[in-house]
Asker: 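Take a look at the following structure, please.
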Amino acid sequence: MKLATWNVNSVNARLPRVLEFLETHGPDVVCLQETKCEEAAFPHEALAAAGYRAVDHSTGRWAGVAILARADGAPAAEARGLPGSPVPEEGRWIEATVGGVRVASVYVINGRALDDPMYGAKLAFLDAMARRAAELAGSPLVVCGDFNIAPADIDVYDPAAFAGATHVSEPERERLRAILATGLVDGFRRVAPDTVQHTWWDYRAGHFHKGMGLRIDLVLASEGLAGRLRSCGIDRDFRKGPKPSDHAPVLAEFEPA
DNA sequence: ATGACGTCTTGTAGACGA
């Protein structure tokens, strides 16, 4: 099974690149984040023409998540919304079963700043994720998406520049570890323990071309699945070219059971 | 560098992103 996760920063603004991505990689499952559209505006028809079915949790101009799968393995939506989320009105969590695997696409709250109320909401959201992951533990599970956390300093282009900022704070990292402790593995780190590579770069000031990014988009896989990881990588090419998202997609390929 | 860019909105400037 080939799985991908990608924060597209508007699925409609990014539609040509999304279709290019499906054509290039032919993934079996794709988790999208920041679809930024109303439910009625989700581009089901264009995706169907490309051979994919989608389930989405679309909530208008902010956030929004979706899971795509090939039409012959159409995703069955299992849950829209994360139980215990501090912002239930925002589309930040969706689950589907694809090929016997429970897949969750998540867009974690940004947090804005350590002294902003949204930072507390981010920590509460991560706590709710850990509880949900614990509930789902024991069966094949992949939780992937934009975690808005760089797991370690190796995942930050300049840790000093992020001192006192969100995405790297100890309470966030601690909560990510609690999510992992339910039995999940950071796929990219499992495959590439020492590799410095990023998934997000600020649009401004040529950060992408200067290599100034963060690794905040993760594929977490349950132990059994992680043991079958054939590869897990970041496709920087989709951060290049016309109208790119500010995130690059992460791809993971699992050997058949 | 307090910015830079890109997305959205019953919009045309402000909010938000990370």
Side-chain angles (χ1 to χ4, degrees), chain A residues 5-18 20 32-43 56-66 85-87 89-93 105-126 129 144-173 175-176 188 196-218 234 236 238-250:
Chain A
T5 184
W6 193 10
N7 179 324
V8 290
N9 185 17
S10 170
V11 68
N12 283 310
R14 214 65 58 217
L15 191 55
R17 302 306 303 269
V18 171
E20 177 194 353
L32 300 180
Q33 300 85 36
E34 282 208 86
T35 52
K36 287 187 169 178
C37 64
E38 300 290 346
E39 209 172 279
F42 192 91
D56 65 307
H57 189 202
S58 302
T59 54
R61 72 180 296 194
W62 304 120
V65 288
S85 166
V87 286
E89 72 282 5
E90 295 181 345
R92 294 184 175 275
W93 180 271
S105 177
V106 64
Y107 174 46
V108 174
I109 293 169
N110 173 298
R112 296 181 191 162
L114 299 187
D115 60 358
D116 191 292
M118 286 307 285
Y119 179 70
K122 180 179 194 172
L123 300 181
F125 188 92
L126 293 165
M129 276 179 67
C144 59
D146 179 356
F147 282 68
N148 273 321
I149 301 172
D153 281 353
I154 187 178
D155 301 307
V156 182
Y157 72 89
D158 180 5
F162 278 81
T166 58
H167 295 64
V168 303
S169 76
E170 192 48 34
E172 292 166 79
R173 286 176 168 172
R175 280 163 176 82
L176 176 58
F188 180 83
V196 175
Q197 214 170 341
H198 304 140
T199 65
W200 170 86
W201 302 260
D202 199 310
Y203 279 123
R204 295 169 288 190
H207 274 203
F208 176 66
H209 300 286
K210 295 175 188 168
M212 298 164 71
L214 305 174
R215 189 176 72 92
I216 55 176
D217 298 88
L218 311 176
I234 299 158
R236 295 175 74 260
F238 283 86
R239 183 61 177 77
K240 306 174 186 170
K243 280 183 69 107
S245 170
D246 47 353
H247 295 250
V250 183

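Predicted model, so just to flag it, every value in this text is computed and none were measured.
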Asker: May I have all residue pairs that pass salt bridge (Lys or Arg N to Asp or Glu O under 4.0 Å) and include part of residues 110-122 of chain A, sequence neighbours excluded?
Answerer: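 Salt bridge (Lys or Arg N to Asp or Glu O under 4.0 Å) check on residues 110-122 of chain A returns Lys122(A)-Glu172(A).
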Asker: How far does the P atom of dA13(B) sit from the matching atom of dA1(B), given to the nearest Å?
Answerer: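 It works out to 30 Å between them.
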Asker: Want to settle it: does Asn148(A) or Ala205(A) sit nearer the 5' end of DNA chain B, counting the closest nucleotide to each?
Answerer: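 Whichever sits nearer the 5' end wins; that is Ala205(A).
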Asker: Using the P atom as the reference point in each nucleotide, state the distance between dA4(B) and dG14(B) in Å, no decimals.
Answerer: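 To the nearest whole Å, 13 Å.
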Asker: What nucleic acid atoms does His198(A) come within less than 4.0 Å of, heavy atoms only: base, sugar-phosphate, or nothing?
Answerer: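 Touches nothing.
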Asker: DNA chain B: Ser10(A) or Trp62(A), which has the more 5' nearest nucleotide?
Answerer: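 The residue whose closest nucleotide sits nearer the 5' end is Ser10(A).
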Asker: Quantified in whole Å, what is the C1' atom distance between nucleotide dC16(B) and nucleotide dG11(B)?
Answerer: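 These two C1' atoms come out 15 Å apart once rounded.
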Asker: Heavy atoms only, 4.0 Å cut-off, all strands: where does Asp202(A) land among base, sugar-phosphate and nothing?
Answerer: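 Since no nucleic acid heavy atom lies under 4.0 Å of Asp202(A), the category is nothing.
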Asker: Counting any heavy atom closer than 4.0 Å, what does Asp146(A) reach on the DNA or RNA strands: base, sugar-phosphate only, or nothing?
Answerer: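 Answer is sugar-phosphate: Asp146(A) comes under 4.0 Å of backbone atoms only.
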Asker: Mind checking the OH-OG spacing from Tyr203(A) to Ser245(A)? Nearest 0.5 Å is all I need.
Answerer: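 Tyr203(A) atom OH to Ser245(A) atom OG measures 4.5 Å (nearest 0.5 Å).
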Asker: Taking the C1' atom of each, how far is dT12(B) from dT7(B), in whole Å?
Answerer: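 Straight-line distance between the two C1' atoms is 15 Å.
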Asker: First locate atom CZ of Arg17(A), then atom NZ of Lys240(A), and finally report the distance between them rounded to the nearest 0.5 Å.
Answerer: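 Answer rounded to 0.5 Å: 10.5 Å.
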Asker: Against Gln33(A), only a single residue in Asn7(A), Asn9(A), Thr5(A) fulfils side-chain hydrogen bond (donor to acceptor under 3.5 Å, both in side chains); can you say which?
Answerer: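 In the set Asn7(A), Asn9(A), Thr5(A), the residue that makes a side-chain hydrogen bond (donor to acceptor under 3.5 Å, both in side chains) with Gln33(A) is Thr5(A).
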Asker: Quick check on Glu89(A): does its CD atom have over 12 non-hydrogen neighbours (other residues, nucleotides or ligands) under 6.0 Å away?
Answerer: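 Yes, CD of Glu89(A) has more than 12 neighbouring heavy atoms, counting only those of other groups under 6.0 Å.
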Asker: Between which nucleotides of DNA chain B, 5' to 3', does chain A make heavy-atom contacts below 4.0 Å?
Answerer: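 Endpoints of the contacted stretch of DNA chain B: dA4(B) to dA18(B).
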Asker: Which of parallel (below 30°), tilted (30 to 60°) and perpendicular (above 60°) describes Trp200(A) and His247(A)?
Answerer: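 Geometry flag for His247(A) against Trp200(A): tilted rings.
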Asker: For dT10(B) and dA15(B), measure between their P atoms and round to the nearest Å.
Answerer: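 The same atom, P, in both gives a distance of 15 Å.
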Asker: Checking all strands, does Asn7(A) fall into the base, sugar-phosphate, or nothing category for heavy-atom contacts under 4.0 angstrom?
Answerer: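 It contacts sugar-phosphate atoms only.
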Asker: Within the structure shown, what part of the strands sits under 4.0 Å from Tyr107(A) by heavy-atom distance: base, sugar-phosphate, or nothing?
Answerer: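 Counting heavy atoms under 4.0 Å across all strands, the contact made by Tyr107(A) is with sugar-phosphate only.
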Asker: On a whole-Å scale, what distance lies between the C1' atoms belonging to dG6(B) and dA18(B)?
Answerer: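 It works out to 13 Å between them.
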Asker: What's the spacing between Trp6(A) CH2 and Arg239(A) CZ if we round to 0.5 Å?
Answerer: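 Between atom CH2 of Trp6(A) and atom CZ of Arg239(A) there are 11.0 Å.
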